[in-house]
Peer 1: 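Please read through the structure below; I'll follow up with questions.
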Amino acid sequence: MSRRVRVMAALALGCLVAAPVRADDDEREALARARQEQAALVALVARCSPAFVAVGGGSAVCIRADGLIVTNHHVAGDREQWAVYFGDGRPALKAKRLGADARGDLCFLKVEGEHSDLPFLPLGDSSRVVPGQRVFALGNPWLLSQDGRPTVTFGIVSALHHNQGGYTDAIMTDTAVNPGNSGGPLITLGGEVIGINGRIMTRFAGVRVNTGIGVAIPSNQIRNFFEPLSTAKPVWHGELASVFVAAAERPVLGVRVTDIYTSSPAYRAGLRYDDIVTAVGGVPVRTRSQFDGILGTHPAGSVVTLDVTRIDADLDLGEPIPDDVATSRHAIAVRLASVEPVRHGIEFAVGSGDDAPYTTTVERVEPGGPAWCAGLRPGDRITHVDGEPLAEARQFASVWRYGYPGKRIVLAIERGGIAMLRTIELTGVQPE
Amino acid sequence: MSARAIRIASTLVVVAASLSAPAQGERPALDTAIERTLQRHARALAPSLVTLRIDHYALTRETARVRRSRLNRARRDRGIPRGQADVFERYIARARGPVTGLLVRPGVVLTSHYHVVGCVAGVRIEFADGSFARGRVGGWNATLDLAVILFDASRSAARPVALARAPLPPVGASVAILATAWGRDPLTINVGAVSAHERLDGRAVQLDGCLNAGNSGGVVIDLDGRVVAIVGHVDPLGARGLNSGIGFATPIAQVLDALDDLVAGRHVERDPRAFLGIRADSAGAERVLIEYVVDDSAAAAAGLRVGDRLVSIGGTRILEPEDVLRALRRRRAGDTVPVVIERDGEPLTVQVTLGSRG
């Protein structure tokens with residue numbers, strides 16, 4: 001069944017021979033319950049398996065009756081067209097790639113043509129998953145399947161909110177996950193997809209087989225990026241720029257803000273030095289990597305609420321927090337900047353002096369770039385950014401540091417003594 | 001929907017709802033029922049399980065040279081070409097540790113194949129009651145990964161298990177695997193689920209239990225305590241005999257079909273795998289081109305060339321390189337398949353007689 005119910009019972013042979021087998025009431029009841037549980041599991045697997053999809057060298061799952069398929073970017077991200085094999089063994093269908101997210105290792109495919117009755121599994125709510133909960137995986141490890149029917153492996157959720165590097169808010173499971181399981185679903189016993197299996201933790205890079213620690217992308221990350229992925233738009237991951245944190249244990253568990261720029265959106269939204277962030281978007285955080293990781297599962301430009309415990313005392317810099325300190329709780333909503341660099345397409349003219357190496361006069365405008373499209377031209381002098389005066393070009397750094405693709409910025413410029421307003425829309429720079 | 005089907009469906013809804021009882025962190029109180037039932041059946045079956053110690057490797061001290069010469073002799077005896085000697089030795093080398101066997105008839109122990117073919121010196125059979133006997137290798141079947149060890153039935157009072165045809169448990173069902181993993185003395189039981197049917201060209205059922213090299217020859221039982229499969233094919237796929245969550249077992253129906261031949265001492269070699277001899281690469285837009293043709297292969301003999309576009313192999317459309325594997329999976333060496341290609345824009349059908357590798 002699962003690793004949890006797996007027993008490695010060392011049965012002493014002599015004792016075994018002596019023990020008579022009695023089917024007393026207790027055992028009959030156990031058998032009846034076992035049969036009932038087994039029947040439910042078998043029915044569940046039979047119900048879920050048709051929605052499994054084999055694609056290329058990996059796995060995938062259909063999440064909508066019209067043939068919307070989720071898989072890993074490293075399975076299906078590099079080609080436009082795929083043949084997909086549903087788990088019920090029907091002949092191959094053609095699918096085309098929709099959105100692809102290399103950073104989040106997610107990719108959406110759509111079965112071509114009009115469909116309304118393809119087998120699918122709903123996306124579950126990964127925030128309701130608990131460690132220890134039984135789950136199972138559908139996949140096509142080692143391409144063993146000859147007809148699209150998946151391999152079924154059972155296990156439990158081992159850990160949650162693990163920033164694995166690539167997968168920043170991963171579900172870890174002891175369900176057997178092997179090469180070829182990539183892109184396949186991790187499913188609750190309620191039949192909902194709560195993750196996409198994509199990686200295996202291993203100590204040795206060369207040995208890529210199941211180790212008992214499979215790593216899955218949570219379904220809520222898929223939900224957060226659903227719109228761009230399903231409409232084939234570029235995907236941008238969020239971050240809280242210019243906020244630095246460290247794990248904290250007192251007065252509450254969380255991460256303590258150890259530095260914050262006053263120019264940052266977080267500061268403007270009310271986050272302060274020494275605040276302790278206890279949860280990001282409702283998910284409790286304990287470490288810096290969790291803090292960064294959970295933010296990374298939200299798109300740039302989206303608003304995330306931080307649960308903050310504020311220390312209502314005047315502490316000196318670096319002074320330990322007293323146990324009996326007064327605290328207050330706040331919810332702070334912050335708009336996320338983009339992890340990837342954004343583009344505005346403006347170069348400033350070089351000024352004189354070390355303090356202001358660049359003037360606020362535009363020297364070059366990237367042809368076809370966001371500033372060009374908004375009508376900026378070389379020689380324009382930028383006086384205000386979003387209503388705030390621009391004293392020196394350095395301050396303009398916040399435009400790209402806290403920006404995100406699609407963000408609109410209103411610039412007040414002076415051209416030949418005439419003041420005018422121009423709105424530029426930032427674009428992203430796709431990573432290679 | 002019939003009344004019965006509705007009743008079953010409603011029962012399942014209730015059970016599924018109780019199974020899914022999620023986020024509150026409580027353990028659903030039903031995970032012990034399957035475990036306990038399987039444990040009870042395991043206890044009943046334990047007296048019929050034996051530990052096999054392969055003398056050749058476990059009990060004698062040999063120099064590497066002597067061992068190598070014995071291996072070579074065993075290889076020659078079986079007519080295995082020198083090129084495959086390493087594969088041969090890799091499988092035999094696993095036989096160093098004790099493995100599991102099942103007493104199926106008086107004087108007959110069933111186990112999996114590769115652990116015994118390399119054995120020349122004999123086998124020591126250790127029974128659950130502590131007695132032991134010397135045995136010799138009877139028949140073996142490399143395709144099904146089975147072998148029998150024969151011994152003098154009067155040496156042991158152990159009761160053979162009566163094997164009977166049992167349906168394979170459905171996918172998702174729990175089974176127990178009884179074996180002597182790593183050859184340590186106590187019997188081990190671990191519980192896994194049926195992952196898939198009809199694996200390895202229909203020769204095996206796939207399990208997600210903890211199957212290591214020492215589990216080979218172990219017994220798979222279902223909730224009713226029936227022997228439904230014999231563990232074999234221990235990870236031929238690259239985990240080097242360690243558990244990867246992908247294990248295989250030979251279904252009992254196929255075991256029973258082969259048992260008489262095994263007892264009679266018949267030897268069945270592995271079916272040679274079909275080998276076409278091309279490497280295919282995607283050229284985008286569902287175009288798959290031949291990138292490389294192996295010299296002296298079936299493809300070369302049939303006149304396939306680099307740059308030919310593959311349209312179909314044996315009726316399977318080739319839309320991507322993986323489809324070539326899919327098309328060849330169920331084929332055997334010697335089969336003739338029509339290969340439709342497109343060369344210089346012209347469709348062309350070529351009959352290819354598949355070969356085998358090596």
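Here is how names work: the chains are called A, B, and so on, in the same order as the sequence lines, proteins then strands, and each is numbered from 1.
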Peer 1: Would you confirm whether A:Gln38, through its side chain, and B:Ser174, through its main-chain N or O, come within 3.5 Å as a donor-acceptor pair?
Peer 2: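 Yes, the answer is positive, given that a donor and an acceptor are paired below the 3.5 Å cut-off.
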
Peer 1: Given heavy-atom pairs under 4.5 angstrom as the criterion, report whether the side chain, backbone, both or neither of B:Pro321 touches chain A.
Peer 2: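 The answer is the side chain of B:Pro321.
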
Peer 1: Go through B:Glu320 and A:Arg79 one step at a time and tell me if the side-chain contact (heavy atoms from CB on, under 4.5 Å) criterion holds.
Peer 2: CA-CA 11 Å; B:Glu320 51 193 270; A:Arg79 236 165 68 193; 3.5 Å; yes

Peer 1: Please state whether the side chain, the backbone, both or neither of A:Leu143 comes within less than 4.5 Å of a heavy atom of chain B.
Peer 2: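 Contact with chain B is through both the backbone and side chain of A:Leu143.
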
Peer 1: Report the distance from atom OG of A:Ser145 to atom CD of B:Glu198, rounding to the nearest 0.5 Å.
Peer 2: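 Going from the OG atom of A:Ser145 to the CD atom of B:Glu198 covers 11.0 Å.
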
Peer 1: Do the non-hydrogen side-chain atoms of A:Asn210 and B:Ile246 ever get within less than 4.5 Å of each other?
Peer 2: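 They are not in contact (no side-chain heavy atoms under 4.5 Å apart), so the answer is no.
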
Peer 1: Quick check: are there more than 12 heavy atoms from other residues, nucleotides or ligands sitting under 6.0 Å from CZ of B:Arg159?
Peer 2: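 No, not enclosed.
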
Peer 1: At a heavy-atom distance under 4.5 Å, which candidate from A:Glu80, A:Glu192, A:Arg35 has the highest pair count against chain B?
Peer 2: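 Maximum pair count with chain B is reached by A:Arg35.
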
Peer 1: For A:Glu37 and B:Ala33, indicate whether the former's side chain and the latter's backbone hold a donor-acceptor pair under 3.5 Å.
Peer 2: no

Peer 1: With a 4.5 angstrom heavy-atom cut-off, could you sort out which part of A:Arg149 is near chain B: side chain, backbone, both or neither?
Peer 2: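 The answer is the backbone of A:Arg149.
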
Peer 1: With chain B as the partner, which of A:Ala30, A:Ala32, A:Ala92, A:Pro91 has the greatest number of non-hydrogen pairs under 4.5 Å?
Peer 2: A:Ala30

Peer 1: Tell me, yes or no, whether the heavy-atom count around A:Arg286 atom CZ, taken from other residues, nucleotides or ligands under 6.0 Å, exceeds 12.
Peer 2: yes

Peer 1: Let me know if A:Val152 has heavy atoms under 4.5 Å from chain B in its side chain, its backbone, both or neither.
Peer 2: both

Peer 1: Which atoms of A:Ser49 are under 4.5 Å from chain B, going by heavy atoms: the side chain, the backbone, both sets, or neither?
Peer 2: neither

Peer 1: Under a 4.5 Å cutoff for heavy-atom pairs, which residue among B:Leu207, B:Val194, B:Asp224 has the most contacts with chain A?
Peer 2: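 With the most close heavy-atom pairs to chain A, the winner is B:Asp224.
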
Peer 1: Quick one: of B:Leu319, B:Leu38, B:Val171, who has the most non-hydrogen atom pairs under 4.5 Å with chain A?
Peer 2: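 Counting heavy-atom pairs under 4.5 Å, the top option is B:Val171.
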
Peer 1: Show the nearest heavy-atom pair for residues B:Ala193 and A:Phe154, with the distance to one decimal.
Peer 2: CB-CD1, 3.3 Å

Peer 1: Please check if any side-chain donor atom of B:Arg199 sits under 3.5 Å from a side-chain acceptor atom of A:Thr151, or the reverse.
Peer 2: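 There is such a pair between these side chains.
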
Peer 1: Using non-hydrogen atoms only, which part of B:Thr37 is less than 4.5 Å away from chain A: side chain, backbone, both, or neither?
Peer 2: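 Only the side chain of B:Thr37 comes within 4.5 Å of chain A.
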
Peer 1: Where on A:Pro150 is there a heavy atom nearer than 4.5 Å to chain B: the side chain, the backbone, both, or neither?
Peer 2: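 For A:Pro150, the contact with chain B is made by the backbone alone.
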
Peer 1: Checking A:Asn178 side chain against B:Ser244 main chain: does a donor-acceptor pair fall under 3.5 Å?
Peer 2: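 At least one qualifying donor-acceptor pair exists.
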
Peer 1: Can you check whether A:Arg33 reaches B:Arg36 side chain to side chain, under 4.5 Å on heavy atoms?
Peer 2: yes

Peer 1: Return the OG to CZ distance between B:Ser195 and A:Phe136, rounded to the nearest 0.5 Å.
Peer 2: 11.5 Å

Peer 1: If I take atom OG1 from residue A:Thr175 and atom CG from residue B:Asp208, how far apart are they, to the nearest 0.5 angstrom?
Peer 2: 8.5 Å

